[in-house]
Amino acid sequence: MTDILPISRFLPLPRYFRKAPLTVQAYEPEEFSASPVDDVQRAIAQVGEFNIWVTKQLAEMPSVLTLALEKRLISTLESHDIGHEILQQTILHFSGHGFPAEVELRQEEGEIDDDRVLAAIAQEIEPAHFCQERAHHVTASPSGQLALKMAGDFSPSKKLTDIWLSSLSILAKEAGKQVHVHPFEAAQEFSKTLYSLLGTIAQQLRYENPSDTLLSRQQRFTAAYQIQLCDAFLIIPDQAADFLSLLFSELSEAIGAGCTLNGDWGELCLSLTQDLYFRLSPPDFVVDPNFVESEEVE
Amino acid sequence: VTTTFSYIHLSDFHFCTEPLRLNALNLIKRNVRETIDTCRAQRQKFGIASVAKPASYVPSITSGVAQFCYKHTQSIDGIIVSGDLATTGMTTDIGVARAFVDDPPLGGFRSESRRPTLNSARRPIYVLPGNHDRYANNFATTNSRLFDFAFEHYLHNFNGYVGHWVRRKTGQYLGFIYADFTLRARTDATTKLGAYGQGRVYQDVFDDLKKQTFALKSKYRGISISWVVHFAPFDCGPHLELIDWQQIAQAASAAGVLTTLCGHTHNQAKIQAHGHTIYCAGSAGCVDSEDSSTAHLLRFEMDGSNFGVRRENYRWNGRQIKFERLADD
């Protein structure tokens, strides 16, 4: 068992990061499409200009480290040969309002060379990266989020995780408990659960030589998978329809936009009719030509 | 000519009521994951996971275990599960564990109810109870015997505390003798919390284990013997201790038993003491081992009077949804 020493500390970023102004100019206007809910909220807040609205939202958001940024950070440190000192779980989160001013690291063992870490980050991670990563969480509509044409992992929208958390909260409340969860933790757990469920289904199908590998028909998850998805996420029935339709919409758009969901089992693909299906790898058996089965004596 | 017996060694699934919506309220109220004695975060809040994943096992990993066994079906002699199949010996938990072991396969490694099953490997399965399988409730009250009824066909030659099985290949015999050292009473633990994680080397069970060893050695000339117990017969801290564990390795060595297989700690380990080797399996799906679940493939190699064992270790990759091979030991 790895002993994790509970030593936490704040690592100040260089001035270049701390003082850099927050900007959303990197985004083309058409890359965003604010949802009606977002529009209403903006109207109530009496903020007319969209970029100012996004800036305001960013400033009020709790500091989180998105999975994609976490990976970028790790790969940057690895390219500077200091990746072995900092594991993914070492980075706790960024803090600061509107723009990350500090990085919190958990030290596992030995000393981390602060200067080397800071130099590596300063050299390769631009402020725009932070803004862009945060923007994934700001856009309220799936189409807006997916218009960023992200590659790599699927990450759910806040609206989707909110439905999930709402179901969990109801169950927890009825069981006499409360759910306290950070949005980042919820998004990460959501993705993990989804990958795990779809991968498990695919691995099971892979060994059954199925004639049908469709996950959806006519842009709806098939009935069997609807049940499995709701069971895996513990979605209560009166929230199931919203959850399933939004999940399908986000997942299919993400796959269509180049997001990958694959593994040893194969990959999840989008058909010409915009339905999701598994492209399965052939089953894998271990065959020992010299193997002779033993016989039971007693 | 070397004769090789191959066995998959699994341990500590900790099955409980299935984590479906229907059971969610019961599971959340029950806090089943917090009853696991090895749970590293036992005293901490689990955050979202305590509600989102209320079970004590991870279904995707146990499905991966069934897949692992199924893909090795043409190269193994059997599957050994060294205890803690369920989180308690109550009907609901034992029923899920039994379905995983015993349900007849329909296609691939799934049963008619579309759940993964070890039975799909179509190889002999051998189980023994762990401390959790003997809990009569959520508070570690001992001596539930439901496990014995549920797994009657998988407890080979079992007298209630000790059992054995013997197999033969190209004239060579390999025997396994297993023993149940779970506590008979809470007061047999050395600490208050020990009732949740300790076992004890009861003298009558221990004597029976040794007696059965000599009996098989007398009956089958040149037989190689391994012991299988749930508790780790080495120092693993007071909370998980097999009380009087020191006797095991010493007696095994004296009796010419080369290996003991065990589980319980949820950490894979290989320990050598008194010329005796102990192979401890990690957990194969318990929620506290989500990122470190393991399955093991044991190769018992015999060449005349020489007997050797090596172990292939596999760890769960939750992203690839498969067990990946680690270094052998």
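Quick note on labels: first sequence line is chain A, next is B, and so on, each numbered from 1. All figures in this text were calculated on a predicted structure; none of them were measured in a lab.
- Looking at B:Asn157, the atoms closer than 4.5 Å to chain A (heavy atoms on both sides) all sit in the side chain, from C-beta outward.
- Neither the backbone nor the side chain of A:Pro210 comes within contact range of chain B; no heavy atoms are under 4.5 Å apart.
- Using modelled atom types, no side-chain atom of A:Asp288 and backbone atom of B:Ser75 make a donor-acceptor pair closer than 3.5 Å.
- For the options A:Gly199, A:Ala224, A:Ser167, heavy-atom pairs under 4.5 Å to chain B are most numerous at A:Gly199.
- If you measure heavy-atom distances from B:Tyr70 to chain A, the contacts under 4.5 Å come from both the backbone and the side chain.
- Put simply, the side chain of B:Gln74 does not reach to within 4.5 Å of the side chain of A:Val286, judged on heavy atoms.
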Extract all donor-acceptor atom pairs below 3.5 Å that involve side chains of residues 61-68 of chain B and protein atoms in other chains or at least two apart in sequence.
residue : atom : partner  : partner atom : Å
B:Thr62 : OG1  : B:Pro59  : O            : 3.1
B:Ser63 : OG   : A:Gln204 : NE2          : 2.9
B:Gln67 : NE2  : A:Gln203 : OE1          : 3.2

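- Looking at B:Ile76, the atoms closer than 4.5 Å to chain A (heavy atoms on both sides) all sit in the backbone: N, CA, C or O.
- For B:Arg315, the CZ atom is loosely surrounded, since the number of other residues' heavy atoms within 6.0 Å does not exceed 12.
- In this structure, B:Glu112 places its CD atom where only 12 or fewer heavy-atom neighbours from other residues, nucleotides or ligands lie under 6.0 Å away.
- With sequence neighbours left out, the side-chain hydrogen bond (donor to acceptor under 3.5 Å, both in side chains) criterion links B:Thr3 to B:Thr170.
- Residues of residues 290-298 of chain A placed with any heavy atom under 4.5 Å of a heavy atom in chain B are listed by number as A:Phe291, A:Val292, A:Glu293, A:Ser294, A:Glu295, A:Glu296, A:Val297, A:Glu298.
- If you measure heavy-atom distances from A:Leu165 to chain B, the contacts under 4.5 Å come from the side chain alone.
- Interface remark: of the candidates B:His72, B:Lys29, B:Arg168, B:Lys169, B:Arg168 forms the most heavy-atom pairs closer than 4.5 Å to chain A.
- Using a 4.5 Å cut-off between heavy atoms, B:Gln268 makes no contact with chain A at all.
- In this structure, CZ in B:Arg21 is found 10.0 Å from CG in A:Leu171, a value given to the nearest 0.5 Å.
- Among pairs with a residue in residues 199-217 of chain A, those fulfilling salt bridge (charged side-chain N to carboxylate O under 4.0 Å, His left out) read A:Arg206-A:Asp264, A:Glu208-B:Arg110, A:Glu208-B:Arg114, A:Asp212-A:Arg217, at least two apart in sequence or across chains.
- Note: B:Arg123 leads B:Glu18, B:Lys53, B:Arg123 in heavy-atom pairs under 4.5 Å with chain A.
- One finds the CG atom of B:Leu22 at 11.5 Å from the CG atom of A:Leu234 (value rounded to the nearest 0.5 Å).
- Here NZ of B:Lys71 is found 5.0 Å from OH of A:Tyr207. Values are rounded to the nearest 0.5 Å.
- Taking the side chain as every heavy atom from C-beta outward, A:Thr200 and B:Pro116 never approach each other to under 4.5 Å.
- With a 4.5 angstrom heavy-atom cutoff, A:Thr193 touches chain B only via side-chain atoms.
- Of the two parts of A:Asn209, neither the backbone nor the side chain holds a non-hydrogen atom closer than 4.5 Å to a non-hydrogen atom of chain B.
- Most heavy-atom pairs under 4.5 Å with chain B: of the set A:Ala175, A:Pro237, A:Ala202, this distinction falls to A:Ala175.
- Interface check for chain A: of the options B:His156, B:His164, B:Gln172, the most heavy-atom pairs under 4.5 Å are formed by B:His164.
- Under the 4.5 Å side-chain criterion, counting only non-hydrogen atoms from C-beta, B:Arg319 is not in contact with A:Ser196.
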